[in-house]
A.B. asks: 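Quick one: the structure is below, questions incoming.
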There are 4 protein chains.
Amino acid sequence: SSGTPEVIIPGASSYNGLNLVPQMGWNTWNAFGCDADEELLLSSARHLVDFGLRDLGYNIISLDDCWSIGRNSSGYLVESPIKFPSGMASVISRLHDMGFKFGIYSSAGTFTCARYPGSLGYETQDAELWASWGVDYLKYDNCFNQGQSGTPKISYDRYNVMSQALNKTNREIIYAMCNWGNDDPYDWAYLIANSGRMSGDIYDSFNRPDDRCPCTEAPGCAWPGFHCSIMNILNKMPSITSRTMSGYFNDMDGLEVGNGGQDDNEYVTHFSMWAMNSSPLMIGTNIDTLSPQNLAILSNPAVIALNQDPSAGAAIRKWRYFVDFDDYGQGEISLWTRVLDNGDTVIALLNAGNSSRTMNATMDDIFLDQRTAGAYKAPPELSETWDVYDLWANRMSNEEAQAILDGGGNATVSNATRTETYNATATSYADGLSNNVTALYGAHIGSIAPSGTFTAEIARHSVGVYRLRSQGSGSLRKRDEL
Amino acid sequence: SSGTPEVIIPGASSYNGLNLVPQMGWNTWNAFGCDADEELLLSSARHLVDFGLRDLGYNIISLDDCWSIGRNSSGYLVESPIKFPSGMASVISRLHDMGFKFGIYSSAGTFTCARYPGSLGYETQDAELWASWGVDYLKYDNCFNQGQSGTPKISYDRYNVMSQALNKTNREIIYAMCNWGNDDPYDWAYLIANSGRMSGDIYDSFNRPDDRCPCTEAPGCAWPGFHCSIMNILNKMPSITSRTMSGYFNDMDGLEVGNGGQDDNEYVTHFSMWAMNSSPLMIGTNIDTLSPQNLAILSNPAVIALNQDPSAGAAIRKWRYFVDFDDYGQGEISLWTRVLDNGDTVIALLNAGNSSRTMNATMDDIFLDQRTAGAYKAPPELSETWDVYDLWANRMSNEEAQAILDGGGNATVSNATRTETYNATATSYADGLSNNVTALYGAHIGSIAPSGTFTAEIARHSVGVYRLRSQGSGSLRKRDEL
Amino acid sequence: SSGTPEVIIPGASSYNGLNLVPQMGWNTWNAFGCDADEELLLSSARHLVDFGLRDLGYNIISLDDCWSIGRNSSGYLVESPIKFPSGMASVISRLHDMGFKFGIYSSAGTFTCARYPGSLGYETQDAELWASWGVDYLKYDNCFNQGQSGTPKISYDRYNVMSQALNKTNREIIYAMCNWGNDDPYDWAYLIANSGRMSGDIYDSFNRPDDRCPCTEAPGCAWPGFHCSIMNILNKMPSITSRTMSGYFNDMDGLEVGNGGQDDNEYVTHFSMWAMNSSPLMIGTNIDTLSPQNLAILSNPAVIALNQDPSAGAAIRKWRYFVDFDDYGQGEISLWTRVLDNGDTVIALLNAGNSSRTMNATMDDIFLDQRTAGAYKAPPELSETWDVYDLWANRMSNEEAQAILDGGGNATVSNATRTETYNATATSYADGLSNNVTALYGAHIGSIAPSGTFTAEIARHSVGVYRLRSQGSGSLRKRDEL
Amino acid sequence: SSGTPEVIIPGASSYNGLNLVPQMGWNTWNAFGCDADEELLLSSARHLVDFGLRDLGYNIISLDDCWSIGRNSSGYLVESPIKFPSGMASVISRLHDMGFKFGIYSSAGTFTCARYPGSLGYETQDAELWASWGVDYLKYDNCFNQGQSGTPKISYDRYNVMSQALNKTNREIIYAMCNWGNDDPYDWAYLIANSGRMSGDIYDSFNRPDDRCPCTEAPGCAWPGFHCSIMNILNKMPSITSRTMSGYFNDMDGLEVGNGGQDDNEYVTHFSMWAMNSSPLMIGTNIDTLSPQNLAILSNPAVIALNQDPSAGAAIRKWRYFVDFDDYGQGEISLWTRVLDNGDTVIALLNAGNSSRTMNATMDDIFLDQRTAGAYKAPPELSETWDVYDLWANRMSNEEAQAILDGGGNATVSNATRTETYNATATSYADGLSNNVTALYGAHIGSIAPSGTFTAEIARHSVGVYRLRSQGSGSLRKRDEL
């Protein structure tokens with residue numbers, strides 16, 4: 001049968017009932033590496049609140065590697081008293097009070113990647129400790145795994161031990177596997193986890209190939225590595241697109257937006273394509289020094305709503321062509337599409353070529369899957385007229401973003417006339433979408449007639465993201481209602 | 001020794017004695033996905049009878065995914081009362097009364113692909129239930145398999161549990177493995193199953209590459225995927241051709257004929273090459289709205305007889321050349337041959353190039369295997385003259401097909417003067433072939449002399465399929481009689 | 001350490017003490033497939049004796065697949081009473097009386113490749129039976145193996161069961177693994193077997209690629225297949241050359257010489273390169289109808305002595321270039337070298353291009369390994385003058401070969417003036433080489449000076465094979481004496 | 001998280017506390033193969049002392065394969081009485097007295113590679129014996145491993161048995177795995193060993209491809225082989241660079257410097273790139289006949305200090321371009337960089353093209369990692385001015401080297417005016433570097449300004465190696481202090 005599940009039976013939407021849309025939050029690794037302490041966590045949390053990011057949905061504070069100093073005589077992990085003088089439980093409690101979930105980190109190995117104590121063989125004890133601290137989220141890495149890999153079964157069994165241990169705590173803990181796509185988790189990880197990394201580690205480059213990230217395909221990658229560029233990771237998604245589903249997301253790794261290695265267009269592309277593919281959106285930069293441009297990217301409610309859509313699916317790359325190559329020998333354009341829960345279709349025209357260009361998306365390409373889904377008559381989508389909404393048209397201005405950064409809060413700014421923002425703490429994106437909240441739909445820029453073509457000018461290393469709504473959408477049936 | 005078994009010992013022609021020629025029938029998935037209910041099954045069955053398709057051999061009604069609502073407190077699967085208000089056993093009984101076998105669906109995993117309950121761990125209980133219902137056929141999928149893959153042994157053991165469970169029911173149940181060719185079943189699946197999918201899922205496109213179907217070779221494919229085109233699947237067959245055998249068939253997936261994504265030539269090619277390779281022939285379109293063109297394709301007795309030939313072997317691709325590429329970068333021509341049970345040889349000249357062309361098949365290429373089979377003197381085939389029969393020449397006209405569709409039966413049409421049809425319910429294809437029933441042999445169009453060349457004009461994306469009979473075939477010995 | 005063992009400890013030259021040089025004999029499969037009976041075995045044996053082939057070393061009669069009719073009520077295999085009316089034990093006894101060893105066939109699976117009963121699970125019983133019959137040799141195939149493959153360990157364990165069973169019989173039985181190189185036996189098979197197939201099955205073509213033999217490399221081949229050409233198999237040897245050793249040989253499959261699919265030059269190349277690489281030399285044609293040309297190839301004592309050299313090593317391909325391609329897109333030339341037990345070096349200049357050409361071998365290339373073996377001063381080989389002997393110069397004339405075929409024996413012919421033959425039954429090749437028997441050294445045709453180049457005109461699809469002897473060889477030390 | 005551990009917790013710097021910087025010494029195999037006896041060991045040891053090599057750090061005498069004659073009736077290995085008439089324990093004792101550690105050799109298989117007894121199944125007994133002899137180092141090979149490979153777990157388990165056995169002896173024994181990178185040890189070997197070979201065996205060629213070394217990538221190599229050139233091995237490092245760490249080094253195999261197969265530039269490149277990548281430095285030539293040129297290469301304290309830097313990391317290849325190809329089809333240039341413990345950065349401009357050329361390294365490339373490490377503001381490295389030290393500028397002259405070789409010691413030469421050498425026996429490289437000993441820093445040749453470019457003329461098949469020191473290095477913080 002088709003790789004894309006179309007019906008979700010009760011209880012099967014997630015192995016533990018959690019994470020039905022991709023997790024959002026902030027993680028320490030990309031910007032700080034090992035250098036994270038309670039002061040950083042609390043300061044960042046305050047700024048996430050102040051800048052409106054928490055209420056946009058970034059509500060997990062995810063502490064990464066290097067937080068422990070070893071195990072005590074009872075075998076329990078001990079947090080560093082230098083980095084966490086208040087004690088971890090106290091820090092977590094304060095973060096909870098600020099409206100955040102708290103994420104801990106460990107590895108399914110003898111050591112973590114930075115050679116701190118790992119949890120392999122200590123799964124029950126560690127899960128118990130974390131639950132007692134109030135942990136809500138676990139990023140679980142793959143380093144120093146005692147060779148327990150090489151077949152899906154070996155990896156499944158190893159990661160399942162922690163899954164069972166978390167379940168036994170009776171605390172709701174989102175389980176984020178970080179095994180880099182080893183042993184093709186795409187067929188098995190949904191059964192035991194809420195997300196799973198599908199590539200080697202990201203680095204802050206748009207498309208520079210790096211010897212340390214040798215694979216260009218996700219399945220069967222023998223050595224995922226690290227220093228994988230945005231485009232490298234993105235291009236590993238199309239073959240595994242069907243393995244993103246509600247409750248289990250293919251994690252494209254934390255965001256690099258704000259870290260300085262890419263230009264504004266590139267960060268827009270990075271953020272948009274992560275959103276398109278239902279990747280977790282974990283901010284990975286220094287919040288305390290965030291620039292207005294980067295705040296504007298991270299704060300686009302229309303793009304976040306795409307990411308948080310209840311459809312919980314990945315995008316499909318309909319075509320890809322290699323075009324004018326840059327010094328790295330890279331250059332390509334592609335069309336991505338995704339059908340959303342309310343029947344809208346989002347398209348992304350990605351220009352990863354080395355110059356600006358006019359790009360086209362035909363109705364035939366946009367609705368290729370409907371055309372070839374076994375329909376014995378023409379699919380209705382092809383005979384509809386579709387309104388087009390540009391999801392980046394209402395991007396917050398730098399001035400407004402600076403005001404938020406300066407003002408220490410978005411309360412005042414949310415009354416501004418120019419940009420509509422969103423409070424997901426108050427109203428979920430699903431509800432907002434159902435209610436047709438305009439901030440979630442971008443700007444109406446035109447329409448596409450049946451058998452028409454959508455055309456847009458896309459800058460170098462940028463992307464246009466457009467939501468298509470059928471003018472007759474009231475009568476449009478979803479595929480699984482045919 | 002050679003990969004092609006030449007002698008079948010008693011009891012070894014199939015692991016359970018069933019399916020000595022490829023299964024034929026109709027399956028719900030390609031056209032309807034999850035949306036199948038008893039009304040659809042019964043209506044389709046009626047039309048299969050009325051249009052003569054049942055009697056041409058399509059005698060399995062195969063229900064695919066999404067039929068259950070879970071397990072009851074005893075652990076038994078429960079059919080959806082909305083989709084199957086009469087109860088599954090009752091539906092099956094009515095289908096039996098109409099002369100059909102009934103096929104059920106499950107997955108060797110925690111869930112089915114559409115996330116309904118799977119049978120992993122419930123094999124005995126599920127087999128018992130199905131047998132009690134009167135199930136005759138099982139399509140057994142591979143989704144959510146708990147990582148139980150990665151070596152042939154792991155997959156064999158998992159699929160063998162269901163094989164043993166089916167055997168224990170003492171009901172004759174054809175076992176159709178659907179593990180997409182994972183872990184190279186070509187060496188082991190014959191021992192436990194009656195057919196096995198050898199690729200990712202088909203979609204209704206002749207040759208468009210799709211990112212979701214990344215492999216172009218069958219053995220060692222790490223990620224079979226789905227959205228595999230006709231040509232993609234076909235080109236995975238040549239290296240595993242020897243692993244098609246009586247009682248175990250390499251399943252190229254259900255037919256797309258009738259679903260609208262290909263033109264008439266392409267559907268002829270699709271159907272012909274599935275027949276050439278002894279793939280199961282499971283119709284996958286809406287029978288109730290079948291067009292005359294598509295009925296004519298599905299109803300060609302000469303091509304079905306090729307598929308149902310007792311030789312039960314796959315075709316051999318003798319050569320392949322890349323030619324004028326289309327917009328997808330695709331374009332190729334090839335010669336396929338297959339020796340049949342009565343000593344005839346069928347050849348297929350496939351033009352998957354982007355324009356019509358004259359194609360040639362030399363006697364040396366057609367009989368390459370005989371020339372190089374270790375014969376210490378020239379093989380007799382090369383010194384014979386062969387009569388050529390075109391298997392598509394007597395294709396039913398659209399008018400006649402329309403009459404069948406309109407008339408609600410082929411009883412009246414079978415008396416028509418122009419097309420000879422066939423009733424396999426009354427007389428097996430094996431018997432028909434032995435009796436030289438002309439409907440099974442197409443139209444005589446000429447002959448090929450020793451060391452001659454056969455030439456034909458083949459349209460774009462089409463195929464010519466020709467049966468060669470030796471004029472001295474009475475004296476021709478089969479290879480295993482040498 | 002280096003992959004080439006240089007010192008053999010007592011008891012370690014073979015796992016069971018047998019087959020210190022490659023097995024030679026005649027096997028039924030390539031020419032006869034399943035159609036072998038006692039009449040064929042005995043008739044072929046008589047001709048092998050009459051034509052002098054037994055005494056040249058071809059002293060194993062190897063019966064292949066299809067000899068049994070199943071197991072009796074005690075579980076013992078039963079030979080076909082139609083094919084073996086005298087009973088297998090009686091046939092074997094008569095072959096023993098004629099000076100032959102007898103080889104049986106089975107598969108490490110449920111069935112043999114032709115679907116006769118296999119030995120998986122019956123290893124002890126089958127080995128006992130064969131020993132009781134007087135069997136001296138087992139070809140053990142890989143079909144229908146219940147998925148027991150996928151890691152070296154799984155294959156090792158499966159094949160080791162039969163190895164242990166054979167040992168327990170206390171009969172000397174040469175164990176010829178036929179697992180097509182699956183799971184890279186090159187690191188483990190020496191411990192349990194006397195030879196091991198390293199590719200898919202051969203077919204009688206010099207270099208035509210065939211879809212059924214998809215791999216071009218031996219290690220890591222996921223699907224060895226069959227219909228592998230001479231050049232395909234040969235080109236899989238260079239990367240595993242170090243895994244040929246005394247007591248365990250990489251089996252390139254039975255010879256096709258005489259089967260009609262190649263010209264004389266091609267058969268000379270096939271035979272020469274099998275000899276160069278210490279492959280078993282199992283004749284695979286109809287002895288009863290052998291042509292004089294093919295007898296002359298199979299009877300060349302100088303080339304057989306190369307194969308039977310106590311060095312028991314494979315050749316090294318020093319260079320390979322692609323040259324004028326034929327219609328199959330094939331065309332290449334290469335230089336192969338091999339150091340023999342007495343310090344001689346044999347070189348083969350292989351022209352697999354599509355036309356005749358002048359080929360060169362420089363001293364630097366011939367002695368590349370010595371030059372780069374860690375010597376801290378120039379290796380002595382480079383400063384010697386080497387006499388050159390052409391191993392094919394004294395090929396038996398067709399007239400003489402015809403006389404042998406006509407005369408029913410080589411007794412009379414061996415007194416002829418023109419060709420010197422050899423009786424390995426009386427004197428082993430090792431002894432003959434030690435005694436400088438001229439028949440084993442070909443014809444002296446010149447010499448190569450230090451830093452010189454050897455040049456020869458090589459016909460299309462042919463090979464020149466030359467033995468180099470140092471003029472100062474008395475003082476030449478072997479590598480392991482340095 | 002990032003593949004590069006940045007913080008080492010107490011006790012985790014090495015699985016057994018040993019080998020925090022790469023081992024250095026002399027090994028018998030590359031030059032002598034099996035032909036090593038006590039006389040060779042003792043003579044070589046004396047010359048290592050006399051030529052100053054021991055005090056430069058080459059303080060392990062590593063005996064390779066072929067030393068035993070089997071096991072005695074108690075199962076203990078017995079050394080050859082011909083090669084080691086004094087007994088191994090006595091030889092070891094004398095080497096200890098000369099200030100050397102002693103290395104033994106075995107294989108995790110039934111036999112060693114040269115088919116002497118292996119240790120598989122005898123791990124405890126063999127480790128006990130070696131400890132009783134005073135062994136300090138084990139090279140543990142992979143031949144004849146009974147098929148115990150194929151997944152990381154199988155290899156880990158096999159190699160771990162010896163690791164545990166060595167630990168139980170309570171003697172400090174450095175454990176050097178030699179499994180050729182099979183089963184990707186990069187994720188697991190750090191837990192059980194001190195170094196691990198990552199490729200097939202080296203041979204004395206700069207860049208000639210050899211059929212016996214078929215892989216060009218380290219991860220996933222199915223058949224590592226042997227006869228791997230310097231460039232072949234080097235180019236397998238970039239993707240696994242993060243898996244070199246203090247206490248576990250990726251072993252690029254023993255040095256070929258001095259064996260005659262490469263020119264002086266090539267040996268300089270070989271030695272430099274091994275040093276850059278923290279490979280063990282095991283001399284593999286005949287010390288007794290060492291040339292002055294080769295002594296000069298092996299004696300460069302500035303390059304050895306790079307190898308022995310406490311950072312214990314591998315280099316990163318920042319770019320690679322293919323350039324003018326030679327007769328082997330080889331030709332490339334690349335830039336490698338490495339950050340050292342004191343904040344210095346070393347760059348290597350490698351010219352493996354076929355002619356001399358001007359090469360450039362930009363600040364942007366040199367500090368690419370810092371630029372893209374998630375920094376939210378420009379890294380300080382890019383705004384510093386860096387002094388450049390050429391690590392080969394002070395290479396010992398041939399005259400001086402000859403004097404050392406003639407004089408039998410470097411005591412007198414160390415007072416010479418022109419070259420400063422180093423005594424690591426007296427002062428570790430770490431201490432020497434901390435003390436800014438000038439011999440370890442090469443010659444100051446200039447500086448690079450912020451956003452500048454370093455340019456050098458590099459000869460064919462050579463390398464320039466330069467240490468960069470920030471002029472403001474006092475204020476430079478290391479990455480993990482950010």
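Below, chains carry the letters A, B, ... as their sequence lines are ordered, and counting in each starts from 1.
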A.B. asks: Could you pull out the closest heavy-atom pair between P152(A) and G150(B), with the gap in Å?
C.D. replies: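 It is CD-CA, 3.7 Å.
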
A.B. asks: Should we count CD of E39(B) as having more than 12 external heavy atoms under 6.0 Å?
C.D. replies: no

A.B. asks: Does the side chain of T372(A) reach to within under 4.5 Å of the side chain of R208(B), using non-hydrogen atoms?
C.D. replies: no

A.B. asks: Could you tell me which non-hydrogen atom of G147(B) sits nearest to which non-hydrogen atom of W188(A), and how far apart they are?
C.D. replies: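 Shortest heavy-atom contact: N-CB, 3.3 Å.
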
A.B. asks: So, taking the atom named OG in S239(A) and the one named NE2 in H227(B), what distance separates them when rounded to the nearest 0.5 Å?
C.D. replies: 14.0 Å

A.B. asks: State, to 0.1 Å, how close F144(B) and L191(A) come at their nearest heavy-atom pair, and which atoms those are.
C.D. replies: O-CD1, 3.5 Å

A.B. asks: Heavy atoms only: give me the nearest R115(B)-S246(A) pair and the separation to one decimal.
C.D. replies: NH1-O, 3.6 Å

A.B. asks: Flag the pair D210(B) / L368(A) as yes when at least one side-chain heavy-atom distance between them is below 4.5 Å, and no otherwise.
C.D. replies: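 When only atoms from C-beta onward are counted, L368(A) and D210(B) do touch, with a gap below 4.5 Å.
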
A.B. asks: Chain B: which of T151(A), D184(A), D187(A), I154(A) shares the most heavy-atom pairs with it under 4.5 Å?
C.D. replies: D187(A)

A.B. asks: Out of curiosity, Y156(A) OH to Q148(B) CD, how far, rounded to the nearest 0.5 Å?
C.D. replies: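 Between atom OH of Y156(A) and atom CD of Q148(B) there are 8.0 Å.
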
A.B. asks: Does some side-chain heavy atom of W223(B) sit less than 4.5 Å from a side-chain heavy atom of I240(A)?
C.D. replies: yes

A.B. asks: As an exercise, state the distance from CZ of R317(A) to CZ of R212(B), rounded to the nearest 0.5 Å.
C.D. replies: 11.0 Å

A.B. asks: Within a reach of under 6.0 Å around CZ of F206(B), are more than 12 heavy atoms found that belong to other residues, nucleotides or ligands?
C.D. replies: yes

A.B. asks: Heavy-atom distance under 4.5 Å between the side chains of N145(B) and K153(A), does that happen here?
C.D. replies: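 No, too far: nothing below the 4.5 Å cut-off.
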
A.B. asks: Can you tell which part of T285(B) gets under 4.5 Å to a heavy atom of chain A, answering side chain, backbone, both or neither?
C.D. replies: side chain

